[in-house]
Structures are given as C-alpha cells and as structure tokens.
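Worth knowing before you read on, the calculation uses all heavy atoms, side chains too, and leaves out hydrogens, waters and symmetry mates. Position 1 is the first residue of the sequence, and the numbers go up from there.
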Amino acid sequence: MKFVRILFLAAIAFSVFACNQSSTTSGAGPDVLVANIDSTVSPSQDFFEYANGGWIKRTPIPAEESSWGIDYMVQEEIYDRLKKINEKAVQEKGDAGSIPQKVGDFWQSGMDSASQEKDGLAPLKENLDLIDKISSTVDVVHVAAVFHKKGIACFFGEYVAQDDKNSEEMAYQLFQGGLGMPNRDYYFNTDSKTVGVRDAYQKYLYKTFRQLGDDSVAATKNTQSVFRLESRLARASRKLADLRDPYKNYNKMDIGSLQKISPNINWPAYLKEIGINKLDSTIVGQPEFYSALNTELKSSSIDDWKNYLRFHLVLSSSEYLDTTTYNNFFGYRKSLTGALKPRPRWKRVLDAEENAIGEALGQLFVKEYFNEKAKQRYSDLVEAMRDAFKERIQRLTWMSDGTKQKAFDKLAKITKKVGYPDKWKDFSAMQIGKVPFVINVQHANEWWFNYNVSKLGKPVDRTEWDMSPQTYNAYYNASNNEIVLPAGQFAVPGKRDEELDDAFVYGYAAASTIGHEMTHGFDDQGRQYDAKGNLKGWWLPSDSIQFTQRASKIIKQFNEFNPVDTLHINGDATQGENIADLGGLVIGLDAFRKTDAYKKGDKIAGLTPLQRYFLGYSYGWLHQQRKELLASQLMIDVHSPAKERVNGPVVNIPEFYEAFGVKQGDKMYRADSLRVNIW
C-alpha cells in the first residue's frame, strides 16, 4: 500500500487530474510545489525539508489529529461532500433496504448523541449477559465465536482469502491476535515511549472495569490478570519482520491436525457456529500461537477469561458509545497517536461508515464526483508505467533471460483496477436501521463476516475491490496479481485537472502510487508469487541470490535512520515498501522521459522538469506527525515515515544528484558503493 495510517485508514476522494496534458499552473494561483518549499534549507542537505518544510512550518497539526498532510487536507474537502450525501439520504427517506435508507439510518444513529449519552453501556447488555453465563472453556470459545461475527476482536484472527499456493480457491485462514495493544512488542519493549503506552493501557483497563461495575479492588485485580494473560499470548506471537515471510506463515493442515495443536478448542463446533459447515483444511499462520492459546484456555481461570472478554467487548465498541466510554478509550489512544483531543463526532461517524458500508457510500459518491473520462486517463498512465517497467527489466544486467521472460509474463498479466468497481456489492441483506449506533456497527460487521465466509467453496471473484472509491490509498494484491487504484488516491487539494503539469503528475501519481504498487509484485514478498498469483518459485536460484544481496543494501540503509528518540526504522520489516518506493521513482522517471514536457525541458515556476518530478514525488509525502504516532509507526507498520520515504530512495538515483547539484560532502550524498540498485 502506498499510505497507511496508524489506527485509522483514511477514506477520502476529490476531483482528479488528467495525466496526459502539459499545462502549467500559470494564472491558477501559487505553484503547488514552489509554495511548499523551505528556501532556507538546501535540497542537498535535507531534500524532504526543502521540498515540504515551508508547508510544515506554517501548518501546525490540529489538536484533534495525530498527524497532518496532503491526505488529511483532501479529507477535509471530502468530509463535507460525504456529509452532504448523508444528510441528503436522511431527507430522502429511501425505501427499506435501499442504499439511501442504510446510509441515512447509519448516519442518524451515529449522530444521535442524546441517545448515546442516555444509554451508556446499555446497548452491550445482551453481549455482557452472554459473558456472565460462561461456566466452562466450551462457553468461552462459544462467546468468542459470537463476538467474532460481530466484529469484536478477541482470541485470534480469522479470515477467508485466496489460498497463497492455489489462487483459484478461497481458504479459511487463522492468524495470531487477541491483544489489546497493537502488537507483541508493546508488552515487552523498555524504551520510554513504549513504557508510556503500556502504562496508559493498564490505566484504561482499570477504568473500563470500574465502568463495568467493579469496585477498586476488583478492578485492580482484573486489570492485572487480563494484562498478564495478554502478555503470555504476546510472548507466543511473532514479531513484525517475521510476519513478512509468506512461506513461514503458510501452514496448511486438516482440521484434525489443527485440533491436535489446540485440543481445548472444539474446532468442528466452532466452525459450525460461525457458519462453516464443511471444511477440509485451513491455513494457520502461526501454529505456535494456537498452542499457547490452547494452554491458556486450560491454565487461566474462567473468571480471567470472562474479564478478558468484558474488556475486549468495550474496547471494540468504545468508538460507538457514550462520551465517557469513548474518552476512556481516547485517554489510552492518545499515548499511541499524540492527538490532544478527540475528533468531532460527525467525522468519527463518517470513519465508521466507511468501514461499515464504504462501497455503498461510494456508489452515491462516484455519481457526483468521478467520471469515466478520468478513469480512462489513469488507465492510460498505468500502461505507460507498465511499458517503462518492462524496458527496465530488459536492461537489467543481474537477472538471467529465463527469469526475465517470466517477469515479463507476470508484468503483462497484472490486472489494473482504476477509480471504482465495474460491479458493486449487493448490500441488500445488511441490517441497518433506527437502532443504537453500536448495534448498526455490529450488524454491518456481521454482514461482512457472513459475506466472507460465504466465499468458501465458490469460484474466486477477481473483480472484487477491497477499498472504496473514495479512499486515499492503493494496493497490490499478490494472489490476484492486480493493482487497485481508487479515485481518491490521485487527488490534489484545491486544484483542478488542468492546473497540474506532467512533471508533477508523473512524480505524484505515476511514481509514488502506480509504480509503487506495480513493483510490489516484484519486491521481497511479491516476487515469490507467480503470474497467476500462486506462492511458487519462478526465479532461478542465482537471480534470487542477486536480488537478496541488492535488497540487503536497502535494509542496511533504512536501519540507519533514527526518526525519533532512540528508535530506528526496522529495515527488514519495511524493505518491501522501501523497494517499492525506489522502484516507483526510477520507473516513473523512465516513463516521464518519454513525454513532451520532459523533452522540451521548459521550466515551470523556475523549476526544471526533472526538479518538478522529484518535488512532485515528495508532495505525495507532504506529511508531519506527532512523536507518539511516529514511535508507534516504527513498531507496528511496514511503511517507513514520510521523511525517510523521500530522503531514502532519492539518494540512490543519479538524476536526483543532477537535478539539485548534490555533491560529495553534502548530507544527501551517498557513495556509489552504498547506493541501492534493484530495478
């Protein structure tokens, strides 16, 4: 993915710009690139600060946000549009079961603050009563099954997706999970930032148990027991970098074998309860986690498990309930994000709506804000990047002809999905109505759960999208060998199509998004999947060795970065995204060279085409974040921070040195022997 936010993946969109034009920003207000430059910083000393520092200096992070950047700026424009769509749906009072009815009722239930304040935790009574009735480990597993269907995270992760080794079949897959904090390292690391998060989390546990009716003694005891239980599960969980190996995280077994490693879970009964009546096998990502979970089911008391489930019920529901419940959660969350105050309710409701019925909302959105002409423009840009990538592979001196031919085949078969789906999901069975907000969220979660389970035994639907059209993000799906490029990803806040020149477009859209996602098919993970999307070796061993040696340089380079306090980037865990950033830049540059804008060499706003290309790329990372969020990102995210995603790849590209006069002795200079050269 091009862009990931901690705890919240923004869903945004705006009018998009054309890629095959060469108009300038003349007469259209300040140049979008020049306006952001900090002229007090030399590009040869810190390119990110030079390119974006002017904007950073004059743009403080709002108190309710943990970071701020181009994605948020576009979000602000689009929030207003989505709000109008929702308010219109309320007024229209659509027919029962229609998209306008669901959108309108979801919005109303979320905005009904009076009912939420009056109800408190009352909407969770049915779920709490279910927990109270637990008297055995069988009951514990039963409640976990019920909660999973409602989107209440606990115990472990499960999902239905294509079998990595047989992309024509859908498989039931199990993953480690069950933790209240983002990942295992939060339970054990000793740096001050992590210790602060751990303390805030335990305070949140205590407040939650008090809110649930426990006295101070019981709340303290339950806090300690639940935290110790989660710590034991965390110890059995794999680290972030270890989760990147698709082979080590692919352990296919029949249900009998799964039963052997976790006999305290009656898997046939559990599967039946979640709607899976016939299953021959499953893919277990981390078998050792399920062995540890099995031990905990036997050794931890029933009361400990009941308290664990009580807490996770409130944790998963906190954003959809009264102010007290939300503020308790926010007190912990701000230790992760650094946000000083909660976001406005209406924005939080739109965020929840995106998760629940984002594609349904997208159907209303694209009718007004995205047309077929724009979709075609970006489709053409994908082909320009595909051609440039093919030519680049052809010129490689380290890859053998045999592997190149298979790479050409895979590249040619990458499916492009641009703008919005050709076929929309049918949400008619989703129950959204005039009920408490949290219940509408649970109903939406249950619809999604059943929708995914229903894929088992059916042909793979390769037309499906996993993002809504109004999303500021994009992704490569290895099993489908596809790149998915929602309309929102190509937005520029406050600008129209004709105001953007080709140099900017190729840096901002072609390099940082299209090329980035395309090269994911050939990064440390993606390269292990063939043209049909199967986890299958297709490289000659000597070529794999060459790739690994070259990738080791980018791992080393990013390990050197120290973005905050004593914390460094995990070069191993982030290598895939770093390889994609570098790949997108070099391929985008090759494609840009073929344009008239590059060949003519005319300056725009005093900048050469080559300068505008690199500045256009950096504009895609116009972003700043609080230290708390930055520390969290370094621990749980496979993406490097924005500054390093600019300064990291550009120093490996000779044309960057040419564009900005970088010379030996400058901070942005990297010796030839240390530069990464993969594609």
Side-chain angles (χ1 to χ4, degrees), residues 123-161 163 170-179 229 233 252-287 289-298 300 302-317 356 429-431 438-458:
L124 302 182
K125 184 178 185 304
E126 180 181 332
N127 300 308
L128 289 168
D129 288 346
L130 194 62
I131 295 172
D132 286 342
K133 293 175 183 177
I134 291 175
S135 62
S136 66
T137 56
V138 172
D139 294 339
V140 171
V141 176
H142 163 69
V143 174
V146 173
F147 280 12
H148 281 186
K149 293 190 71 171
K150 294 182 178 182
I152 300 165
C154 61
F155 262 55
F156 55 82
E158 61 182 356
Y159 58 97
V160 174
D163 186 326
M170 303 299 290
Y172 175 67
Q173 310 201 30
L174 295 167
F175 214 73
Q176 65 189 39
L179 307 180
L229 192 162
L233 294 178
K252 194 168 188 176
M253 59 184 71
D254 57 36
I255 303 305
S257 298
L258 175 62
Q259 194 70 62
K260 286 181 181 178
I261 64 173
S262 48
N264 291 317
I265 300 175
N266 184 333
W267 284 104
Y270 174 85
L271 292 169
K272 185 176 181 180
E273 191 141 26
I274 64 172
I276 300 176
N277 296 313
K278 184 180 179 182
L279 189 70
D280 296 327
S281 62
T282 182
I283 298 170
V284 183
Q286 303 78 33
F289 174 84
Y290 286 85
S291 295
L293 177 61
N294 180 74
T295 299
E296 287 302 320
L297 278 169
K298 184 176 181 180
S300 293
I302 295 299
D303 283 343
D304 284 353
W305 279 114
K306 290 171 73 170
N307 287 318
Y308 167 89
L309 289 166
R310 291 167 73 211
F311 170 72
H312 279 268
L313 169 63
V314 177
L315 172 62
S316 292
S317 309
M430 184 182 287
Q431 298 299 308
V438 69
I439 301 302
N440 270 333
V441 171
Q442 288 186 7
H443 286 169
N445 289 339
E446 191 159 6
W447 183 91
W448 279 107
F449 190 96
N450 293 334
Y451 172 78
N452 285 308
V453 164
S454 71
K455 295 177 182 180
L456 289 169
K458 294 180 182 177

Evaluation steps, side-chain contact (heavy atoms from CB on, under 4.5 Å), between Leu233 and Gln176: CA-CA 9 Å; Leu233 294 178; Gln176 65 189 39; over 6 Å; no

Nearest-0.5 Å distance that lies between atom [atom1] in [X] and atom [atom2] in [Y]:
X      : Y      : atom1 : atom2 : value
Leu271 : Leu258 : CG    : CG    : 8.0 Å
Lys306 : Asp132 : NZ    : CG    : 5.5 Å
Asp139 : Ile302 : CG    : CD1   : 7.5 Å
Ser454 : Phe449 : OG    : CZ    : 11.0 Å
Asp254 : Gln259 : CG    : CD    : 10.5 Å
Leu279 : Ile255 : CG    : CD1   : 4.5 Å

Side chain to side chain donor-acceptor pair (under 3.5 Å) partners for Glu126, two or more places apart: none

By ring pair (Phe, Tyr, Trp, His ring centres under 6.0 Å) - contacts of Tyr172 (at least two apart):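 Tyr172 satisfies ring pair (Phe, Tyr, Trp, His ring centres under 6.0 Å) with no residue once adjacent residues are dropped.
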
Quiz: residues 290-298 side-chain donor-acceptor pairs under 3.5 angstrom, not counting sequence neighbours:
from: Tyr290; atom 1: OH; to: Gly157; atom 2: O; distance (Å): 3.4
from: Tyr290; atom 1: OH; to: Phe175; atom 2: N; distance (Å): 3.1
from: Tyr290; atom 1: OH; to: Phe175; atom 2: O; distance (Å): 2.7
from: Asn294; atom 1: OD1; to: Asn264; atom 2: N; distance (Å): 2.6
from: Asn294; atom 1: OD1; to: Asn264; atom 2: ND2; distance (Å): 3.1
from: Thr295; atom 1: OG1; to: Ser291; atom 2: O; distance (Å): 3.2
from: Glu296; atom 1: OE1; to: Arg232; atom 2: NE; distance (Å): 3.1
from: Glu296; atom 1: OE1; to: Arg232; atom 2: NH2; distance (Å): 3.1
from: Glu296; atom 1: OE1; to: Ser300; atom 2: OG; distance (Å): 2.6
from: Glu296; atom 1: OE2; to: Arg232; atom 2: NE; distance (Å): 2.7

Heavy-atom check, side chain of [X] versus side chain of [Y], under 4.5 Å:
X      : Y      : answer
Phe147 : Ile131 : yes
Met253 : Thr282 : yes
His312 : Leu315 : yes

Any idea which heavy atoms bring [X] and [Y] closest together, and the distance?
X      : Y      : value
Lys149 : Ile274 : CD-CA, 4.0 Å
Pro123 : Ile439 : O-CD1, 3.6 Å
Ile283 : Ala171 : CD1-CB, 3.8 Å
Ser317 : Gln442 : OG-NE2, 4.5 Å
Lys252 : Ser281 : CE-OG, 3.4 Å
Lys272 : Asn277 : CG-OD1, 3.7 Å

Any residue meeting salt bridge (Lys or Arg N to Asp or Glu O under 4.0 Å) with Lys125, in chain and number order, not counting sequence neighbours: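 Lys125: salt bridge (Lys or Arg N to Asp or Glu O under 4.0 Å) contacts with Asp129.
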
Results of salt bridge (Lys or Arg N to Asp or Glu O under 4.0 Å) for Asp304 - residues two or more places apart only: none

Donor-acceptor contact present, side-chain Thr137 to main-chain Val140, <3.5 Å: no

Side-chain (Tyr308) to main-chain (Gly178) donor-acceptor, under 3.5 angstrom: yes

Pairs meeting criterion side-chain hydrogen bond (donor to acceptor under 3.5 Å, both in side chains) with involvement of residues 443-452, two or more places apart: Tyr451-Glu464, Asn452-Lys455

Parallel, tilted or perpendicular: rings of Tyr270 and His148 (30°, 60°):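 Ring orientation of His148 relative to Tyr270: perpendicular.
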
Residue pair Phe156, Val284: steps toward the side-chain contact (heavy atoms from CB on, under 4.5 Å) verdict: CA-CA 11 Å; Phe156 55 82; Val284 183; over 6 Å; no

Derivation of the side-chain contact (heavy atoms from CB on, under 4.5 Å) call for His142 and Leu130: CA-CA 10 Å; His142 163 69; Leu130 194 62; 4.1 Å; yes

